[in-house]
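Reading through the structure tokens given below for one structure.
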Amino acid sequence: MSLLIANGLSKAFGALDVFVGIDLRVEAGDRIGFVGANGAGKTTLLRILAGDESATAGDIARKRGLTVGYLPQDPPPAGDQTIHEVMLEVFAPLLAQGARLAEMEHELAAAAARDSADYPTLLEAYGQAQTAFEVAGGYDYETRIRQVLGGLGFNEDEHDKPLAHLSGGERTRALLAQLLLSEPDLLLLDEPTNHLDLEAVEWLEDTLLRWKGGLVVVAHDRYFLDKVANRIWDMNFGRVEAYRGNYSAFRLQKEMRLDRQRKEW
């Protein structure tokens with residue numbers, strides 16, 4: 001299933017063309033490594049795919065209801081919230097369900113105390129709500145938060161630390177954790193390994209290998225791309241060439257393509 005299809009994308013800043021006439025497609029299950037020289041326009045294209053910037057020309061068709069998560073290179077603003085509070089934002093609907101369950105428990109207790117005829121109906125409704133809450137992950141979201149934050153290098157004693165007290169790299173890691181917890185259909189990551197140690201990079205590799213949606217990741221770490229990517233976009237001279245396989249497969253295919261072009265020339 002196509003998550004996103006881009007046709008004829010172009011971007012110019014004044015008289016300078018960053019790229020022209022790019023056609024792209026992202027399918028569910030794609031894990032795309034996005035490579036190219038610094039300044040080639042990878043970040044600009046990623047921002048356009050994320051909807052944070054507009055193209056000069058071309059159009060993008062997105063799957064109906066598509067959710068997109070975007071990790072920029074620049075750290076997000078620092079607010080007064082703690083790391084844990086920012087993670088809880090992902091689970092706002094779940095927390096509302098939990099609050100409603102607590103209200104229903106009080107209603108049940110009151111109905112039982114006065115021997116109300118409504119008690120069986122209230123009990124059945126409570127049971128259904130509790131099942132829905134459990135299926136949605138209502139009893140394990142705190143575990144998921146600890147796992148993701150731990151995987152990205154945050155100790156538990158840092159979870160209540162305000163974002164304003166974090167470095168730029170730490171805020172970027174916190175945003176990455178929030179994006180992973182929110183599980184968008186399409187995840188766009190711009191240099192996600194910049195602020196991670198080796199252990200956290202390995203954890204992120206394993207997490208992205210299990211990613212069910214689409215993924216586009218800009219990275220210069222060829223070992224990371226070899227592990228994670230099943231497709232490569234190569235951006236050079238205002239164009240994007242698509243290749244199948246990981247980074248090593250891309251390098252081999254690109255060399256074969258260049259060799260063929262040299263012979264034809």
Legend entry - Nearest-0.5 Å distance that lies between atom CH2 in Trp211 and atom CG in Leu187: 5.0 Å
Inset, instruction - Give a yes or no answer on whether the side chain of Asn230 reaches the backbone of Gly29 with a donor-acceptor pair at less than 3.5 Å. - result: yes
Inset, instruction - Determine whether the side chains of Glu191 and His220 contain a donor N or O and an acceptor N or O closer than 3.5 Å. - result: yes
Inset, instruction - Could you please spell out the steps behind the side-chain contact (heavy atoms from CB on, under 4.5 Å) verdict for Leu108 and Leu123? - result: CA-CA 7 Å; Leu108 275 172; Leu123 184 61; 4.0 Å; yes
Legend entry - Common cluster, Met235/Ile5, ILVMFWY with side-chain heavy-atom separation under 4.5 Å: no
Legend entry - Aromatic ring pairing Phe91/Tyr141, orientation class (parallel under 30°, perpendicular over 60°, tilted between): tilted
Legend entry - Distance-only donor-acceptor check, side chains Asp185 and Thr67, under 3.5 Å: yes
Inset, instruction - Kindly compute the distance separating NE2 (His195) from CG (Leu176), expressed to the nearest 0.5 Å. - result: 10.5 Å
Inset, instruction - Apply side-chain contact (heavy atoms from CB on, under 4.5 Å) to Leu95 and Leu88, showing your working. - result: CA-CA 8 Å; Leu95 295 175; Leu88 286 179; 4.3 Å; yes
Inset, instruction - Examine Phe250 and Ile22 and state if one hydrophobic cluster contains both, with Ile, Leu, Val, Met, Phe, Trp and Tyr joined whenever side-chain heavy atoms are less than 4.5 Å apart. - result: no
Legend entry - ILVMFWY cluster, Phe19 and Val26 together (side-chain gap under 4.5 Å): yes
Would you mind writing out the side-chain donor-acceptor pairs for residues 7-18 within the sub-3.5 Å range, not counting sequence neighbours?
{"residue": "Ser10", "atom": "OG", "partner": "Gly21", "partner atom": "N", "Å": "2.9"}
{"residue": "Lys11", "atom": "NZ", "partner": "Glu53", "partner atom": "OE2", "Å": "3.4"}
{"residue": "Lys11", "atom": "NZ", "partner": "Ser54", "partner atom": "O", "Å": "2.8"}

Legend entry - Euclidean distance, Tyr243 OH relative to Arg251 CZ, rounded to 0.5 Å: 9.0 Å
Inset, instruction - Please examine the side chains of Val240 and Asp234, heavy atoms only from C-beta on, and report whether any two atoms are closer than 4.5 Å. - result: no
Inset, instruction - Flag the pair Glu27 and Arg25 as a salt bridge only when some basic side-chain nitrogen lies within less than 4.0 angstrom of an acidic carboxylate oxygen. - result: yes
Legend entry - Test salt bridge (Lys or Arg N to Asp or Glu O under 4.0 Å) applied to Asp115 - qualifying residues, sequence neighbours left out: none
Inset, instruction - Indicate yes or no: does Arg257 engage Glu241 in a salt bridge with an N to O separation below 4.0 Å. - result: yes
Inset, instruction - Would you tell me whether Asp190 and Thr43 have side-chain atoms, one donor and one acceptor, within less than 3.5 Å of each other? - result: yes
Legend entry - Asp80 atom CG, over 12 foreign heavy atoms within 6.0 Å: no
Inset, instruction - Apply the salt bridge (Lys or Arg N to Asp or Glu O under 4.0 Å) test between Glu205 and each candidate in Lys227, Arg210, Arg31; give the one that qualifies. - result: Lys227
Inset, instruction - Taking Ser2 for its side chain and Leu4 for its backbone only, find out whether a donor-acceptor pair lies under 3.5 Å. - result: no
Inset, instruction - Kindly say whether Asp157 contributes a backbone atom to a donor-acceptor pair with the side chain of Asn155 at under 3.5 angstrom? - result: no
Inset, instruction - May I ask you to say whether Lys263 pairs ionically with Asp259, meaning some side-chain N is under 4.0 Å from a carboxylate O? - result: yes
Legend entry - Closest approach of Glu107 to Leu122 (non-hydrogen atoms, all atoms of both residues): O-CD1, 4.1 Å
Legend entry - Side chain to side chain, Leu196 and Leu152, heavy atoms closer than 4.5 Å: yes
Inset, instruction - Can you measure from CZ (Arg222) to OH (Tyr247) and round to the nearest 0.5 angstrom? - result: 7.0 Å
Inset, instruction - For the pair Glu183 and Arg144, find out whether any cationic side-chain nitrogen is under 4.0 Å from an anionic carboxylate oxygen. - result: yes
Inset, instruction - Answer whether the closest heavy-atom distance between the side chains of Asp226 and Ser248 falls below 4.5 Å. - result: yes
Legend entry - ILVMFWY cluster, Leu186 and Leu24 together (side-chain gap under 4.5 Å): yes
Inset, instruction - Kindly indicate whether the side chain of Leu188, heavy atoms from C-beta on, has any atom under 4.5 Å from the side chain of Val68. - result: yes
Inset, instruction - May I ask you to test the Gln130-Glu134 pair for a side-chain heavy-atom distance under 4.5 Å? - result: no
Legend entry - Under 3.5 Å: donor-acceptor pair, side chain of Glu85, backbone of Thr82: yes
Inset, instruction - Could you tell me whether a side-chain N or O of Asp140 sits under 3.5 Å from a main-chain N or O of Thr143, the two making a donor and an acceptor? - result: no
Legend entry - ring pair (Phe, Tyr, Trp, His ring centres under 6.0 Å) partners for Trp233, two or more places apart: Phe34
Legend entry - Distance-minimising heavy-atom pair for Glu170 and Phe154: O-CZ, 3.4 Å
Legend entry - Positive for side chain to side chain contact (heavy atoms under 4.5 Å, CB included) with Leu204, one of Leu180, Leu209, Val228, Val217: Leu180
Legend entry - salt bridge (Lys or Arg N to Asp or Glu O under 4.0 Å) partners for Arg239, two or more places apart: none
Legend entry - Exam field: side chain Arg231 to backbone Ile32, donor-acceptor pair closer than 3.5 Å: no
Legend entry - Transitive ILVMFWY side-chain link Leu3 to Leu208, under 4.5 Å: no
Legend entry - Arg146 atom CZ, neighbour heavy-atom count above 12 within 6.0 Å: yes
Legend entry - Non-hydrogen atoms of Arg171 and Pro77 that approach each other most closely: NE-C, 4.0 Å
Inset, instruction - List in chain and number order the residues that pass ring pair (Phe, Tyr, Trp, His ring centres under 6.0 Å) with Phe133, two or more places apart in sequence or in another chain; answer none if no residue qualifies. - result: Tyr139
Legend entry - Non-hydrogen side-chain atoms of Leu49 and Ile60 separated by less than 4.5 Å: yes
Inset, instruction - Calculate, to the nearest 0.5 Å, the distance between atoms CD and CG belonging to Glu202 and Asp197 respectively. - result: 9.0 Å
Inset, instruction - Might you point out which heavy atoms bring Leu179 and Pro184 nearest each other, and give the distance in Å? - result: O-CD, 3.3 Å
Inset, instruction - Supply the atom-to-atom distance Leu198 CG to Thr193 OG1, rounded to the nearest 0.5 angstrom. - result: 11.0 Å
Inset, instruction - Each residue besides Leu252 in its hydrophobic cluster should be listed here, by chain and number; the cluster joins Ile, Leu, Val, Met, Phe, Trp and Tyr at side-chain heavy-atom distances under 4.5 Å. - result: Met256
Inset, instruction - Indicate yes or no: at least one non-hydrogen side-chain atom of Leu46 is less than 4.5 angstrom from one of Val218. - result: yes
Legend entry - Glu255 and Arg262: CA distance, side-chain angles, deciding distance, salt bridge (charged side-chain N to carboxylate O under 4.0 Å, His left out) verdict: CA-CA 10 Å; Glu255 184 56 39; Arg262 282 192 293 267; 3.0 Å; yes
Inset, instruction - Check the side chains of His84 and Glu142 for a donor-acceptor pair under 3.5 angstrom, ignoring hydrogens and angles. - result: yes
Legend entry - Considering all heavy atoms, the nearest Leu189-Leu215 contact: CD1-CD1, 3.9 Å
Inset, instruction - State, to 0.1 Å, how close Trp203 and Gln147 come at their nearest heavy-atom pair, and which atoms those are. - result: CZ2-O, 4.0 Å
Legend entry - Heavy-atom side-chain proximity of Val86 to Leu175 below 4.5 angstrom: no
Inset, instruction - Answer yes or no: is there a donor N or O on one side and an acceptor on the other, between the side chain of Thr172 and the main chain of Gly168, under 3.5 Å? - result: yes
